[in-house]
Asks: 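Have a look at this one.
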Amino acid sequence: MFDDYLRALKDRVLAPLARFLGDHVHPNAITVAGFLVGMASAGAAAAGAFRPGLALWVVNRFLDGLDGSVARLSGRASDFGAYLDIVVDFIVYAAIPIGLIIATPGRGPAVAATVLVASFYVNAASWMYLAALLERRALGASATGELTGVTMPPGLIGGTETAIIYALFFVWPNHIVTLFYGMAALVVVTVGQRLVWAVRHLD
């Protein structure tokens, strides 16, 4: 929901560091580093080390924002880089809830995590195929001026909201079931928003 507003601000804030790194580090290397940090966050969650897990999650989100800034400012943005970025993001998004239910055994957390990850599956289909259709109609990222590789139809839950809610998973692990169900419900609302948009704009 807030991604469009914050992405340009993020690029401005990260610009000095991104320009420096652009001469020395390939943006895909930053993406891979972010992935490894994200998986370490999931590992920390599985071990019940929630504070280190939270710190690693914050670093993961920082690197996830930095790689795109470096790519754009260094002129090394690529379709493969955009593809790699979204694939590793989705792996981390799935790994952290799995790590959290390892640390919080029981049927309740396991069912809640399954519902959450299932909502991600449906959400991915709702925006990725819609994005593909918009790109085919020349209404994608290049037409709208978005800074992402492909257009990301807006919804209630985006990258910013995901970062915040995942942080809450680590802050309040004793409420993980409620948080899992709550996020799943918000994701379902987002899917509904895109379906309504598609009904109104696609034929």
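Along the sequence shown, residues carry numbers from 1.
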Asks: Do you know which two heavy atoms are closest between Leu63 and Ile30, and how far apart they sit?
Replies: O-CG2, 3.6 Å

Asks: Looking at residues at least two apart in the chain, or sitting in another chain, which of them share a side-chain contact (heavy atoms from CB on, under 4.5 Å) with Leu195?
Replies: Val191

Asks: With sequence neighbours left out, what residues match Leu133 under side-chain contact (heavy atoms from CB on, under 4.5 Å)?
Replies: Tyr129, Arg136, Leu202

Asks: Following the transitive rule for hydrophobic clusters with a side-chain heavy-atom cut-off under 4.5 Å over Ile, Leu, Val, Met, Phe, Trp and Tyr, establish whether Ile98 and Val122 coincide in one cluster.
Replies: no

Asks: As a test of understanding, state which of Val58, Ile96, Leu56 forms a side-chain contact (heavy atoms from CB on, under 4.5 Å) with Phe170.
Replies: Ile96

Asks: Ser119 side chain to Val188 main-chain N or O, any donor-acceptor pair under 3.5 Å?
Replies: no

Asks: Say whether, by atom type as modelled, one donor and one acceptor occur between the side chain of Asn123 and the main chain of Val187 under 3.5 angstrom.
Replies: no

Asks: List the atom of Val70, the atom of Val25, and the distance in Å for their closest heavy-atom pair.
Replies: CG1-O, 4.0 Å

Asks: List, by chain and number, the other hydrophobic cluster members for Ile164, where Ile, Leu, Val, Met, Phe, Trp and Tyr join if side-chain heavy atoms come within less than 4.5 Å, directly or indirectly.
Replies: none

Asks: Give every donor-acceptor pair under 3.5 Å between a side-chain atom in residues 173-184 and any protein atom, sequence neighbours left out.
Replies:
none

Asks: Are Ile102 and Leu54 linked, directly or through other ILVMFWY residues, by side chains that come within less than 4.5 angstrom of each other?
Replies: no

Asks: Going from NE2 on His201 to CZ on Arg137, what distance comes out if it is rounded to the nearest 0.5 angstrom?
Replies: 11.0 Å

Asks: Could you see if Val88 belongs to whatever hydrophobic cluster contains Phe80? Use Ile, Leu, Val, Met, Phe, Trp, Tyr and a side-chain cutoff under 4.5 Å.
Replies: yes

Asks: Return a table of donor-acceptor pairs under 3.5 angstrom between the side chains of residues 109-118 and protein atoms on other chains or two or more places apart.
Replies:
unit_1	atom_1	unit_2	atom_2	d
Thr114	OG1	Ala110	O	2.8

Asks: Could you tell me which residues satisfy side chain to side chain donor-acceptor pair (under 3.5 Å) with Asp67, sequence neighbours excluded, listed by chain and number?
Replies: Thr31

Asks: For a quick test of your reading: what N or O donor-acceptor pairs under 3.5 Å do the side chains of residues 39-48 make, sequence neighbours left out?
Replies:
unit_1	atom_1	unit_2	atom_2	d
Ser41	OG	Gly53	O	2.9

Asks: Does the pair Trp197 and Leu130 meet the rule for a side-chain contact (heavy atoms from CB on, under 4.5 Å), with working shown?
Replies: CA-CA 10 Å; Trp197 188 95; Leu130 179 56; 3.9 Å; yes

Asks: According to side-chain contact (heavy atoms from CB on, under 4.5 Å), who are the partners of Leu17, at least two apart in sequence or on a separate chain?
Replies: Leu21, Phe62, Leu66

Asks: Hey, does Ile86 have a side-chain heavy atom less than 4.5 Å from the side chain of Met128?
Replies: yes

Asks: For Tyr166, what residues pass the ring-ring contact (aromatic ring centres under 6.0 Å, His included) criterion, not counting sequence neighbours?
Replies: Trp57, Tyr93, Phe169

Asks: Would you please name every residue forming a salt bridge (Lys or Arg N to Asp or Glu O under 4.0 Å) with Asp89, sequence neighbours left out?
Replies: Arg61

Asks: Taking only residues two or more places apart in sequence, or in another chain, which ones meet His26 in a ring-ring contact (aromatic ring centres under 6.0 Å, His included)?
Replies: none

Asks: When rounded to the nearest 0.5 angstrom, what distance separates CZ in Phe120 from CD1 in Ile157?
Replies: 8.5 Å

Asks: Please assess Thr190 against Leu186 for the test side-chain contact (heavy atoms from CB on, under 4.5 Å), listing each intermediate value before the final yes or no.
Replies: CA-CA 6 Å; Thr190 300; Leu186 294 174; 5.5 Å; no

Asks: Kindly write out the residues that satisfy side-chain contact (heavy atoms from CB on, under 4.5 Å) with Val87, not counting sequence neighbours, or none if the list is empty.
Replies: Tyr83, Ile91

